[in-house]
Engineer: 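My structure is below; once you've seen it, I'll send some questions.
Residue numbers run from 1 in the order of the sequence given. Just so you know, ligand 1 is whichever comes first in the structure, and atom 1 is the first atom listed for that ligand.
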Amino acid sequence: MPVGVAPNIHHVGDVDSTMEVARAMLVDAKGAPFAVLAESQSKGRGTGGRVWTSPKGNLYFTLCIPETSIRAEIVPVLPLITGLACREAIMSIVSGTNFYVKWPNDIVHSGKKLGGSIVESEGGYLLVGIGINVEVAPPVTDNGRDPTTVNYAAETLGQPKITTLQLAEAVWKQYFKIILDTTASRKAVVENFEAAMDKSLILHRRTPTGRDPEPLRAVRLNEWGHLTVLKSDGTEETLVAEYLF
Ligand code: BT5
């Protein structure tokens with residue numbers, strides 16, 4: 001088992017986005033891993049220019065990892081690694097089996113969205129932005145999947161509430177556990193992600209104005225982590241860069 005990396009987490013209050021705060025800290029970090037944990041965000045972002053609603057009470061975390069510490073083989077599946085690390089982190093604090101990942105970048109519980117992630121790269125670092133609802137499920141106004149929180153899930157499982165700091169430290173630990181594990185090949189990451197998907201979810205393609213009505217179901221991932229879905233006419237299609245609600 002590889003030795004972990006001690007957490008180096010900078011706590012900040014209300015910020016625009018932890019991605020921008022982290023970017024401004026890259027030069028001073030001198031190639032060491034670090035993370036930014038904010039209380040709230042006024043301009044939290046999702047993928048493709050979407051908004052990440054970020055009230056106080058939830059986890060807003062950007063993990064900055066030097067590119068040299070990640071094997072090239074697993075860089076293409078970093079969004080999948082992120083989902084797996086977040087799921088493992090939640091399950092290391094709240095024991096229960098019904099937390100899942102949803103391709104390509106979401107964490108879900110009981111069919112509702114708990115969190116999501118984005119991966120960017122700058123200045124020799126990979127910046128992994130993670131938002132997980134811990135205490136507050138903000139209203140989702142753009143036809144997105146209904147939101148939920150870790151603490152609601154903990155309560156339904158009869159377990160104590162968790163804190164954002166506990167979760168941030170657990171995400172750090174699980175992330176480094178995966179990327180430092182030399183047996184975690186791209187194939188293994190893809191297989192682990194597929195095993196952690198909730199295949200019963202009804203998925204919908206995003207369109208510029210909302211969601212495509214056609215119901216899709218996840219079938220399998222290929223070796224690059226691309227998702228094959230089952231369409232309503234019984235045929236299959238492999239998605240590369242499409243986003244699903
Ligand atoms: C994501 O995008 O799920 C990635 C979210 C990443 C947020 C983190 S927070 C720390 C770091 N700093 C940032 O500025 N961002 C990262 P995507 O898959 O595109 O999902 C966005 C969609 O999720 C929105 O269009 C809404 O439908 C929905 N949504 C927005 N806020 C939500 C929330 N708090 N909980 C659940 N769903 C939400």
Side-chain angles (χ1 to χ4, degrees), residues 9-26 34-65 78-83 85-87 89-90 99-122 125-153 164-165 167-168 171-172 175 197 201 203-212 227 239 241-245:
I9 301 174
H10 299 262
H11 298 246
V12 292
D14 181 41
V15 298
D16 49 1
S17 159
T18 54
M19 301 306 281
E20 306 324 319
V21 175
R23 247 170 238 277
M25 294 170 73
L26 290 179
F34 69 97
V36 174
L37 175 66
E39 279 184 15
S40 57
Q41 301 183 119
S42 55
K43 291 192 184 140
R45 23 191 194 91
T47 58
R50 278 178 284 271
V51 170
W52 187 254
T53 312
S54 310
K56 208 170 164 179
N58 296 335
L59 176 109
Y60 309 108
F61 192 59
T62 295
L63 181 54
C64 300
I65 307 169
L78 268 191
L80 306 190
I81 289 176
T82 307
C86 291
R87 175 177 184 259
I90 296 169
F99 295 94
Y100 296 98
V101 290
K102 175 181 149 286
W103 188 88
N105 67 327
D106 288 350
I107 314 290
V108 291
H109 177 257
S110 301
K112 297 183 176 175
K113 181 158 168 166
L114 266 182
S117 62
I118 50 180
V119 180
E120 298 176 353
S121 109
E122 180 160 332
Y125 276 88
L126 290 154
L127 284 72
V128 181
I130 297 168
I132 301 177
N133 298 332
V134 173
E135 192 57 42
V136 185
V140 168
T141 53
D142 60 359
N143 260 326
R145 187 170 288 277
D146 282 346
T148 188
T149 69
V150 177
N151 279 340
Y152 176 76
T164 53
L165 178 57
L167 184 55
V171 169
W172 176 291
Y175 216 97
M197 291 193 313
L201 286 182
L203 308 171
H204 294 272
R205 278 196 179 85
R206 293 184 202 272
T207 66
T209 51
R211 65 163 79 175
D212 186 286
L227 179 72
L239 308 178
E242 270 137 309
Y243 282 94
L244 299 167
F245 274 125

Engineer: Within this structure, what is the CG-CD distance for the pair Leu127 and Glu20, rounded to the nearest 0.5 Å?
Structural biologist: 9.0 Å
Engineer: How does Val51 reach ligand 1, if at all, at less than 4.0 Å between non-hydrogen atoms: by side chain, backbone, both, or neither?
Structural biologist: backbone
Engineer: Answer with side chain, backbone, both or neither: which part of Val140 has a heavy atom less than 4.0 angstrom from an atom of ligand 1?
Structural biologist: side chain
Engineer: Applying a 4.0 Å heavy-atom criterion (strictly less than), which segment of Gln41 is in contact with ligand 1: side chain, backbone, both, or neither?
Structural biologist: side chain
Engineer: Just let me know how Asp106 lines up against ligand 1, side chain, backbone, both or neither, with a heavy-atom cut-off below 4.0 Å.
Structural biologist: side chain
Engineer: Can you sort out which atoms of ligand 1 are near Ser17, meaning under 4.0 Å from one of its heavy atoms?
Structural biologist: 12 (N), 13 (C), 14 (O)
Engineer: Number the atoms of ligand 1 from 1 as they appear, then name those within less than 4.0 Å of a heavy atom of Phe61, with their elements.
Structural biologist: 10 (C)
Engineer: Hey, does Arg206 sit under 4.0 Å from ligand 1 if you only count heavy atoms?
Structural biologist: yes
Engineer: List the steps and the verdict of side chain to side chain donor-acceptor pair (under 3.5 Å) for Asp14 and Ser40.
Structural biologist: CA-CA 5 Å; Asp14 181 41; Ser40 57; 2.7 Å; yes
Engineer: Assess Gly48 for proximity to ligand 1: is some non-hydrogen atom of it under 4.0 Å away?
Structural biologist: no
Engineer: When rounded to the nearest 0.5 angstrom, what distance separates OH in Tyr60 from CH2 in Trp52?
Structural biologist: 8.0 Å
Engineer: Tell me which part of Asn133 gets within contact of ligand 1: side chain, backbone, both or neither, using heavy atoms under 4.0 Å.
Structural biologist: side chain
Engineer: Look at atom 23 (O) of ligand 1 and find which of Arg50, Arg145, Lys113 reaches it with the closest heavy atom.
Structural biologist: Lys113
